[in-house]
Each structure stands twice: as structure tokens, then as C-alpha cells.
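First the structure, in the form of C-alpha cells, and then the observations on it.
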Amino acid sequence: MTLRILTVTLGFAFFCFPIVLLAEADPMAAAGRIELVIENGETKTCSASLIEPDVVLTAAHCVAFSARNAGDGPVGWVFRAGDGVRGGEYGVDAIAVHPLYELSGGFSNYRLRFDMAALKLKAPIPNDVAVPFSQGLGAELGERLFLASWRPDASFKPRQRICEVITGLRGLVTLGCPVRGGESGAPILRKLNDRVELVAVLSSRSRVRVQPVGQGANVELRLVPLLDQFK
């Protein structure tokens with residue numbers, strides 16, 4: 001939270017007293033990353049986004065192994081909002097993988113459509129740190145959407161760029177932008193005048209002829225059966 005001190009002058013007398021102004025959270029602070037420290041101090045990292053004060057969305061293939069072998073809980077996973085510095089880190093209490101992802105065998109195109117998982121945080125994130133993205137309608141061909149994905153270097157904010165929706169595999173959002181490792185789970189967003197909407201979750205990279213592309217799973221109609229697992 002940012003505090004600013006103002007000095008107020010009234011008439012001929014000077015009165016100095018603090019006025020606290022609450023700074024609004026960066027609208028893109030809901031885009032962040034999840035981390036898990038594994039053997040030898042190595043860190044597994046994926047992009048992610050805040051969709052409720054205590055729920056984070058990412059790609060299922062990032063966390064499916066943890067969900068299957070949770071034991072007493074998903075020990076070690078943390079979420080970092082925005083630049084990962086000012087918001088601190090939030091522990092994960094439970095992981096839910098989309099049921100149709102788990103029922104699909106192999107890494108098929110059908111399975112990619114449901115490549116999403118939700119992480120329940122141990123505590124809600126305050127609104128002055130990050131405001132959750134609202135859910136939007138599905139992507140349309142030719143629409144210009146916004147991709148916010150984490151860079152491996154933690155000193156930077158998530159990488160942000162505009163990507164056009166192009167023709168690709170049926171049931172997936174195909175973006176005319178190259179993507180790389182660590183960007184899995186990144187939110188694919190629609191910017192409106194008064195808010196930012198979550199449209200899809202980045203799942204994989206591929207090519208359409210010679211053009212490198214990113215592929216994502218639409219969140220419309222797919223979040224409900226995923227989040228129902230926390231009830």
C-alpha cells in the first residue's frame with residue numbers, strides 16, 4: 001500500500017497534518033507466477049492469474065503431478081502477484097485440476113482444451129495488492145487480446161504484449177505470438193474501458209505453417225466444474 005503525506009494551508013495559518021491516500025492496486029497485479037522449490041534448490045515456475053481473492057488459475061500440466069501426489073497437501077507451492085516483490089508470497093492450501101483434463105489420456109489436442117488448474121490460497125490477497133480478473137466471454141477470430149506472462153528473471157514484471165486470435169485447432173484460442181518456457185498458465189486477457197477480463201489460459205506453443213503461435217484454453221463454461229471441487 002502506498003501512503004502520501006499532504007500539507008494543507010487554510011487562510012493565514014498553516015496547519016500540517018497527514019492525509020492518508022490509499023493507492024489502488026496495479027490492474028495487472030493479478031497476473032503473476034506460481035513457484036515450487038524442488039530438488040537441489042531448483043525452482044519450477046509457471047505463469048498464473050488471480051481469479052478470486054484466494055484462488056489462482058494456471059495450466060494443469062504445471063501442477064497435475066502435485067495434485068496427484070498431494071498427501072497432506074501441496075507443500076511448497078507459492079503464488080506471487082504482479083512483480084512478485086511488493087505483494088509478497090502466498091502459500092497454497094489445495095490444488096484442483098480440471099476433471100476433463102485428467103480423464104483425457106496423453107497430451108492430445110482434446111486434452112489441451114481443459115489444460116487448467118486452480119490453486120486455493122491459504123489466505124485471501126487484499127485488494128490493495130491485487131484485484132482478481134473477472135471472467136470474460138470466449139475469444140473471437142481476429143480479436144486482439146492481451147497476454148501477460150512471467151519472465152524467468154524475477155526482477156521484471158510479467159511480460160505484456162498484444163496478440164491477435166488466428167485460425168488454429170478447434171476448441172483452442174490460437175494467438176499469433178511466439179511463446180516460450182515459463183509462460184504456461186499465463187492469462188489471455190481482454191481490456192475494456194472499466195476492467196480487464198480473463199478469456200483463456202495459455203497452455204502450449206505450436207506452429208501454424210511457419211508462424212510460431214501460442215495456444216490457450218477458453219475459461220468460458222470451464223471454470224465452474226473446476227472451482228466446484230473446492231466446495
Side-chain angles (χ1 to χ4, degrees), residues 28-38 43-70 73-84 87 89-102 104 107 111-122 124-125 130 132-136 146-152 154 157-160 172-173 175 179-189 196-205 214-220 222-230:
M28 294 306 298
R33 74 187 190 273
I34 54 171
E35 286 181 353
L36 176 66
V37 177
I38 53 181
T43 303
K44 179 178 176 62
T45 303
C46 275
S47 298
S49 58
L50 189 70
I51 58 170
E52 293 182 7
D54 61 347
V55 177
V56 170
L57 193 66
T58 189
H61 71 260
C62 292
V63 298
F65 73 96
S66 290
R68 296 189 197 102
N69 304 290
V75 178
W77 280 108
V78 296
F79 173 69
R80 299 181 188 276
D83 60 11
E89 65 178 43
Y90 295 81
V92 173
D93 192 50
I95 296 176
V97 174
H98 198 287
L100 292 181
Y101 177 85
E102 290 289 56
S104 307
F107 201 67
R111 194 178 201 189
L112 290 178
R113 301 176 193 178
F114 304 99
D115 188 7
M116 60 179 66
L119 285 69
K120 186 82 168 178
L121 303 180
K122 293 181 178 179
I125 296 180
F133 293 131
S134 59
Q135 181 184 338
F146 197 79
L147 181 62
S149 54
W150 187 258
R151 294 178 175 181
K157 292 183 179 180
R159 182 184 180 200
Q160 303 175 20
L172 291 174
V173 179
L175 302 177
V179 298
R180 61 182 182 178
E183 294 187 288
S184 292
I188 300 171
L189 305 164
V196 179
E197 289 184 341
L198 176 66
V199 177
V201 178
L202 188 66
S203 173
S204 64
R205 54 186 172 186
Q215 298 176 125
N218 268 313
V219 299
E220 186 182 13
R222 295 177 186 166
L223 277 183
V224 174
L226 174 59
L227 299 181
D228 276 351
Q229 296 178 71
F230 289 141

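Residues take their numbers from the sequence shown, with the count starting at 1.
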Quiz item: By side chain to side chain donor-acceptor pair (under 3.5 Å), which residues pair with Q215, not counting sequence neighbours?
Solution: S204
Quiz item: Which atoms form the tightest heavy-atom contact between A81 and A29, and what is the distance?
Solution: CB-O, 3.4 Å
Quiz item: Among all residues two or more places apart in sequence or in another chain, which pass the side-chain contact (heavy atoms from CB on, under 4.5 Å) test with V55?
Solution: I51, E52, A118, K120, L227, F230
Exercise. Look up atom CD in E197 and atom CD in E220, then write down how far apart they are to the nearest 0.5 Å.
Key: 10.0 Å
Quiz prompt | Residues forming a side chain to side chain donor-acceptor pair (under 3.5 Å) with S184, sequence neighbours excluded | solution = H61
Exercise. To the nearest 0.5 angstrom, please state how far the CG atom of L198 sits from the CD atom of Q135.
Key: 7.5 Å
Quiz item: Which value, rounded to the nearest 0.5 Å, describes the distance between L147 atom CG and L189 atom CG?
Solution: 8.0 Å
Practice problem: Let me see the working for R205 and E183 under side chain to side chain contact (heavy atoms under 4.5 Å, CB included), right down to the final yes or no. | Solution: CA-CA 10 Å; R205 54 186 172 186; E183 294 187 288; over 6 Å; no
Practice problem: Show the numbers, then the answer: is there a side chain to side chain contact (heavy atoms under 4.5 Å, CB included) between D93 and D54? | Solution: CA-CA 10 Å; D93 192 50; D54 61 347; over 6 Å; no
Quiz item: Hey, is the main chain of Y101 close enough, under 3.5 Å, to the side chain of R111 for a donor-acceptor pair?
Solution: yes
Practice problem: List the atom of A148, the atom of A186, and the distance in Å for their closest heavy-atom pair. | Solution: O-CB, 3.4 Å
Quiz prompt | Any F79 side-chain heavy atom under 4.5 Å of L119 side chain | solution = no
Quiz item: Atom CD in E35, atom SG in C62: separation rounded to 0.5 Å?
Solution: 12.5 Å
Quiz item: With distance as the sole test, does D115 use its side chain to make a donor-acceptor pair with the main-chain N or O of A60 at under 3.5 Å?
Solution: yes
Quiz item: What residues form a side-chain contact (heavy atoms from CB on, under 4.5 Å) with A217, not counting sequence neighbours?
Solution: M116, R222
Quiz item: How would you list, by chain and number, every residue that makes a side-chain contact (heavy atoms from CB on, under 4.5 Å) with A30, sequence neighbours excluded?
Solution: L50, F133
Quiz item: Say you draw a straight line from CZ of R113 to OG of S203; how long is it, rounded to the nearest 0.5 Å?
Solution: 12.0 Å
Self-check item: Heavy-atom closest contact (T58 atom, A48 atom, distance)
Solution: CB-CB, 4.0 Å
Quiz item: Would I34 and V92 count as a side chain to side chain contact (heavy atoms under 4.5 Å, CB included) if you check the C-alpha gap in whole Å, the side-chain angles of each, and the deciding distance to 0.1 Å?
Solution: CA-CA 9 Å; I34 54 171; V92 173; 5.8 Å; no
Quiz item: Between the main-chain N or O of V97 and the side-chain N or O of Q229, is there a donor-acceptor pair closer than 3.5 Å?
Solution: yes
Self-check item: Gap between atom CZ of F114 and atom NE2 of H98 - 0.5 Å precision
Solution: 6.0 Å
Quiz item: What residues form a side-chain contact (heavy atoms from CB on, under 4.5 Å) with A200, not counting sequence neighbours?
Solution: V173, I188, N218
